[in-house]
Amino acid sequence: MDLFDVLTMVGGLALFLYGMSLLGDGLSKASGGRMEKILEKLTSNPIKAVLLGAGVTAVIQSSSATTVMVVGFVNSGIMKLSQAVGIIMGANIGTTVTSWILSLTGIESGNFFIQLLKPTSFSPIMAVIGVAIFMFSKSEKKKNIAMILVGFAILMFGMDTMSSAVKPLADVPEFTNILLMFSNPVLGVVAGAVLTAVIQSSSASIGILQALCVTGSVTYGAALPIIMGQNIGTCVTAMISGIGASKNARRAALVHLYFNIIGTVIFMAAFYILNAVVGFAFLGDAASPAGIAVIHSIFNISATAVLLPFSKRLEKLAYLTIKADEETELPAEETADLQFLDARFLDQPAFAIGQCKTVAIHMAEMAQKGLYTAMTLINNYQKEKADMVVALENNVDHYEDQLGTYLVKLSSRDLSQKDSHTLSLLLHCIGDFERISDHAVNIMEAAKEMHEKELFFSEKAEHELNIYMNAVCEIVDTAIQVFRAEDQEMAENIEPLEEVIDGMQEELKKRHIKRLRKGTCTIEMGFVLADLTTNFERVADHCSNVGVCLLELQDDGMDVHEYLDVLRQSEDENFKKQVVQFAKKYALP
């Protein structure tokens, strides 16, 4: 085997690994986070959990990715450890699909239609179709499909290149002697585990083993323990992802490790005892890619069938390894969903965006709760509620910091156009929600001043202020609904109401001046009223920002300043009609 063959083999391996990565990324993008959401909504039924884990892994082509996601779910509190066990077992079954696809390289037949099943026959066609879609299509969905096709073609081309390059090794005695060493079960398991741990993919290491089969030097006796070791080596990815996570998340990673170690020990003990009694003649035969796939599948399915009834025992073993202590591992209820912003989800951007949206909605609802609580203090001040407003504002500040940091990290990932729009919306809007909670504190402080100085609005002024606050409540409700649903039609209702609120503020000032001249109100109460109306008006401004931001992102060509200028100059008939409707609805007596 000369230097050129070595370079060809390394190049083939590089293409194989890149193709596998491209294929996985394409499948992940095409799923748009749906696979992860299916996992998140898992039923507690263990058999369904296994089927779900197998199905999701078969789609995203990576048991490591599935397991890491599960570790993230457990760390975030989205999933219980008992639910995770079934998925982890199913992930091992799902990863066998890749080995079956790769086994197609071993097809030998003179039949034209059977030859079409060989990757060397259809991969070039897939590559041409994929590249053509990339070049001529503007649809993001079609480009994701193109990525899958091109990724698969590169994967298979790399596999074929590797197989061709290693064929001369059949005549190299040193290579044959090395493989004979792996007939020792312990050495074979260690070799398979180390190889998989290094490249962090059991599918890739199985593919390498299948490529080596073309030399005819890999016997089933040597391949079997290597396959067992590969299943153990794939646990490294989950174990690494568990570092720094919660105890339950680390336990989930341990369940994955224990499942594969115990499964390997049971399977190998049973197999070699049976071999000692019966004597399997096939162990000395040269292994084929399809034979490797069969062994891989039989092991994972049988290990799951044997250990699934003992899933509670596996869970208990993880608890014995990582013992609980007296300190609580549960986050405070108000900030519990910040745990959703797990770094493990960054590798699945579509799902991570969904998690960020969930957290941001909760942040908006806290700001809303703080504002409405502050409003109740104007006429009925209570210290407990005032403290609640401050606590909510502190939580909202914390949410903005955590979300902002996470979103910046997420922005460097490869996002779809839709996810990129959602990320921009989140980055723009979380600042507005944080400012609304700041204004809630200002309103609470104005109410506190009134309480301490025993100041009261006149009955008429109080009635006018209540109408004004009702209008503010509606615009806040609308803004949060717009943000939650990304509803463009509803977003167009915000600006007319904001215009009415601006007009109401001016009218309230004028009415106060009239009462001041009549001597029915004081200058001090005028200052308090000005503080309150100014804060309410600014809350409406931030709601306007949310609506305009959504409209801008939905229409990439939209000029925000031109849009607002047209509305304010009342050139838009629909806008004028809505302003009139809101003005009637919130007319001051």
Side-chain angles (χ1 to χ4, degrees), residues 11-12 14-38 55-62 65-66 69 97-98 101-102 104-105 116-161 203-204 207 345-354 356-357 407 410-427 485-489 549-559:
L15 287 172
F16 175 76
L17 294 175
Y18 175 67
M20 184 161 283
S21 174
L22 197 64
L23 176 64
D25 289 345
L27 288 164
S28 180
K29 279 188 177 181
S31 72
R34 286 188 291 273
M35 292 296 104
E36 293 83 1
K37 283 183 172 60
I38 290 171
V56 170
T57 304
V59 170
I60 65 176
Q61 292 282 294
S62 175
T66 303
M69 285 294 294
V97 171
T98 310
I101 293 171
L102 296 175
L104 295 173
T105 56
L116 281 178
L117 295 174
K118 287 196 72 171
T120 49
S121 302
F122 63 78
S123 290
I125 300 170
M126 294 176 73
V128 169
I129 295 171
V131 170
I133 294 173
F134 260 123
M135 291 177 66
F136 302 111
S137 175
K138 293 182 180 179
S139 166
E140 190 171 7
K141 287 184 179 179
K142 289 180 181 177
K143 287 194 173 185
N144 289 336
I145 294 170
M147 186 185 292
I148 295 169
L149 295 176
V150 172
F152 187 84
I154 294 172
L155 166 73
M156 287 304 182
F157 182 77
M159 182 75 175
D160 190 58
T161 304
S203 296
F345 301 152
L346 291 171
D347 290 329
Q348 307 291 334
F351 180 75
I353 286 288
C356 289
K357 184 72 179 288
L407 287 167
L410 194 52
S411 65
S412 64
R413 303 298 170 121
D414 188 12
L415 301 171
S416 67
Q417 187 177 14
K418 181 178 181 297
D419 290 337
S420 183
H421 277 186
T422 303
L423 185 139
S424 297
L425 179 69
L426 293 171
L427 281 172
E486 295 186 29
D487 189 327
Q488 185 173 358
E489 187 176 339
C549 178
L550 177 67
L551 293 172
E552 181 183 10
L553 290 171
Q554 296 284 3
D555 183 359
D556 290 333
M558 174 181 167
D559 185 321

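Note that the structure is predicted; figures quoted are calculated from it, not measured. What's counted below: heavy atoms across the whole structure, side chains too, no hydrogens, waters or symmetry copies.
Within the model, atoms NZ of Lys142 and CD1 of Ile145 stand 8.5 Å from one another, a figure rounded to the nearest 0.5 Å.
Evaluation of the side-chain contact (heavy atoms from CB on, under 4.5 Å) rule for Val128 yields no partner, not counting sequence neighbours. Residues satisfying the side-chain contact (heavy atoms from CB on, under 4.5 Å) criterion with Leu425, sequence neighbours excluded, are Cys429, Phe483, Glu486, Cys549, Leu550, Leu553. Partners of Ala146 under the side-chain contact (heavy atoms from CB on, under 4.5 Å) rule, at least two apart in sequence or in another chain, are Ile133, Phe134. Listed by chain and number, the residues in a side-chain contact (heavy atoms from CB on, under 4.5 Å) with Leu423 are Ile353, Leu407, Leu410, Ser411, Leu415, Leu427 (sequence neighbours excluded).
Considering every non-hydrogen atom in both Leu426 and Cys356, the closest pair reads CD1-CB, 3.7 Å. Of all non-hydrogen atoms in Gly158 and Leu15, the two that sit nearest each other are CA-CB, 3.8 Å. Of all non-hydrogen atoms in Val150 and Ala127, the two that sit nearest each other are CG2-O, 4.3 Å.
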